[in-house]
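Comments concern the structure below.
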There are 2 protein chains.
Amino acid sequence: MSLKHAILVLLEKKPGSGYDLSQRFKRSIGYFWNASHQQIYQELKKLSQEQWVEFEVQAQAERPDRKHYRISAAGRSALKAWLHEPAKPERLNSELLVKIYAAYLADPTALLPDLDRRIAAHREKLDEYLGHEPFYLDKRGKASRKQSLMHLTLRYGIRYEWNWIEWLTEVRALLVDEQAPAKPMLETLIRASSRKTLAKR
Amino acid sequence: MSLKHAILVLLEKKPGSGYDLSQRFKRSIGYFWNASHQQIYQELKKLSQEQWVEFEVQAQAERPDRKHYRISAAGRSALKAWLHEPAKPERLNSELLVKIYAAYLADPTALLPDLDRRIAAHREKLDEYLGHEPFYLDKRGKASRKQSLMHLTLRYGIRYEWNWIEWLTEVRALLVDEQAPAKPMLETLIRASSRKTLAKR
DNA sequence: CGGATATATGCATACAGTTGCATATCAAGC
DNA sequence: GCTTGATATGCAACTGTATGCATATATCCG
């Protein structure tokens with residue numbers, strides 16, 4: 001499980017409450033990890049039982065009390081140890097892909113609402129992420145390794161969203177026009193690049 | 001949950017045993033859905049309780065008995081109904097990305113074994129998927145909608161693996177050379193393409 | 001004045017997915 | 001002869017994630 005570690009990383013960068021963390025999951029690192037507030041609160045409880053985080057209650061006038069969490073020394077070394085452990089292979093399970101694979105069973109337009117909703121959602125995220133990038137591009141050259149790594153994770157998010165948009169647009173074209181889509185440029189690139197890497201080996 | 005529906009789709013295409021299904025998950029549609037044999041057997045049990053699938057036991061000499069499953073009429077209409085329901089938004093959680101985000105805490109080479117393992121795994125899958133594609137390309141023009149849809153899901157798999165390879169290679173370069181990677185061509189394409197779509201709206 | 005949204009935390013339950021184990025046969029390789 | 005791997009199915013226990021509910025205050029908007 002790495003929700004534990006995702007929380008530890010966030011707290012290592014900056015302490016905060018469960019609520020703060022859920023905002024940060026939504027607003028800043030959503031391009032590689034998502035967590036609901038319930039998961040976060042439960043995980044923080046476990047983490048403080050393990051002594052990997054500490055907290056102090058902050059009473060607030062006219063606002064509910066906050067538990068201000070920060071990572072402990074034990075938590076910090078657990079994080080470092082985790083970085084040296086092998087990661088388990090990613091597992092891809094996409095409901096939408098299953099639907100598209102099965103789409104021949106229904107009429108061609110049945111999936112259009114889903115497709116359009118998803119394309120719009122990915123466009124929105126892409127815009128958001130592209131809006132974050134100038135921050136990193138501005139300080140090129142003088143960027144620290146930490147900054148460069150954060151930038152790369154953002155670029156993963158950009159690639160991911162863009163990939164979905166391109167592909168879903170192809171699928172949409174097939175369902176609407178009832179014909180195979182024109183071969184997009186990227187496909188050619190993929191094949192060219194992969195032939196190169198294949199030749200190299 | 002769509003493991004249920006993934007199984008129904010597979011049985012709709014071709015009946016078979018739990019073992020057969022686990023092979024098909026591994027070998028043919030792994031580019032969008034993965035399931036372990038335990039999950040499959042449990043799900044098949046539930047599906048036959050719901051009367052969405054039927055089975056007959058086939059005794060085999062010198063091999064364990066098989067349960068040969070096929071989809072029922074009720075299962076087929078459940079599948080069709082499901083196609084018209086909205087899909088829930090995809091949720092992205094990548095352990096490796098969390099590690100890369102946190103990599104500044106350890107020495108730069110700590111993640112290299114993970115990266116190399118993952119790059120090799122994605123290359124292997126990419127090769128496998130590229131090997132499947134000629135089958136679809138050969139019958140272009142005379143391909144049915146069903147075939148085209150299957151082809152598109154394969155292309156998703158190809159894009160997915162390629163995307164990982166490209167990006168992981170950038171990350172590796174940063175960790176090894178301790179410098180920001182050269183801006184790859186794709187990144188430029190992404191930005192160009194997105195500006196177009198932004199302008200269109 | 002009512003409804004939506006933001007702040008702030010949490011419990012209980014259900015469902016999904018993983019891990020470890022168990023059983024049984026046969027073929028291939030060392 | 002022994003191990004490994006493929007065929008074939010399954011239980012039990014555990015971990016992880018999702019869903020629904022509960023509470024409390026304040027602000028913003030119409």
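Just so we're on the same page: letters track the sequence lines, and every chain starts at 1. Side-chain atoms are counted along with the backbone in the values below, which use heavy atoms only and exclude waters and symmetry mates.
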Note: Arg27(B)-Glu128(B) ion pair, threshold 4.0 Å (strictly below): no

For DNA chain C, find the residues of residues 6-22 of chain B with a heavy-atom distance under 4.0 Å and give them by number; none if there aren't any. none

Just to be sure I understand the geometry, which residues of residues 31-53 of chain B put a non-hydrogen atom under 4.0 Å away from DNA chain C? Gln38(B), Gln39(B)

Taking the side chain from Gln147(B) and the backbone from Ser144(B), do they hold a donor-acceptor pair closer than 3.5 Å? no

Before we go on, tell me: are the rings of Tyr156(A) and Trp164(B) under 6.0 Å apart, centre to centre? yes

Rounded to the Å, how far apart are Arg66(B) CZ and dT7(D) P? 11 Å

Main-chain N/O of Tyr160(B) paired with Asn163(B) side-chain donor or acceptor, under 3.5 Å: no

Distance check needed: dT9(C) C1' versus Gln23(A) CD, whole Å only. 13 Å

Salt bridge (Lys or Arg N to Asp or Glu O under 4.0 Å) partners for Asp107(B), two or more places apart: none

With axes from five pairs an end, tell me the bend angle of the helix from dC1(C)-dG30(D) to dC30(C)-dG1(D), nearest 10°. 40°

Separation of Asp65(B) atom CG from dT23(C) atom P, in whole Å? 18 Å

Distance-only donor-acceptor check, side chains Ser72(B) and Gln51(B), under 3.5 Å: no

Parallel, tilted or perpendicular: ring planes of His37(A) versus Tyr41(A), cut at 30 and 60 degrees: perpendicular

Using atom CZ of Phe55(A) as one end and atom C1' of dG10(C) as the other, report the distance to the nearest whole Å. 13 Å

note: Phe25(B), atom CZ; dA8(D), atom C1'; distance rounded to Å ~ 17 Å

Counting distance only, does the side-chain N/O of Lys46(A) pair as donor-acceptor with the main-chain N or O of Lys4(A) below 3.5 Å? no

Under 3.5 Å, is there a donor on one side chain and an acceptor on the other for Arg91(A) and Asn34(B)? no

Who passes side chain to side chain contact (heavy atoms under 4.5 Å, CB included) against Lys13(B), sequence neighbours left out? Tyr101(A), Tyr104(A), Val9(B), Arg24(B), Lys146(B), Met150(B)

Residues in side chain to side chain contact (heavy atoms under 4.5 Å, CB included) with Ala78(B), at least two apart? Trp52(B)

Round to the nearest Å and state the distance from Asn93(B) atom CG to dG16(D) atom P. 13 Å

d(CD, Glu95(B); P, dT17(D)) in whole Å: 11 Å

Whichever of Ser2(A) and Lys88(B) has its nearest DNA chain D nucleotide further upstream toward 5': Ser2(A)

Taking atom P of dA8(D) as reference, at what distance in whole Å does atom NZ of Lys26(B) sit? 12 Å

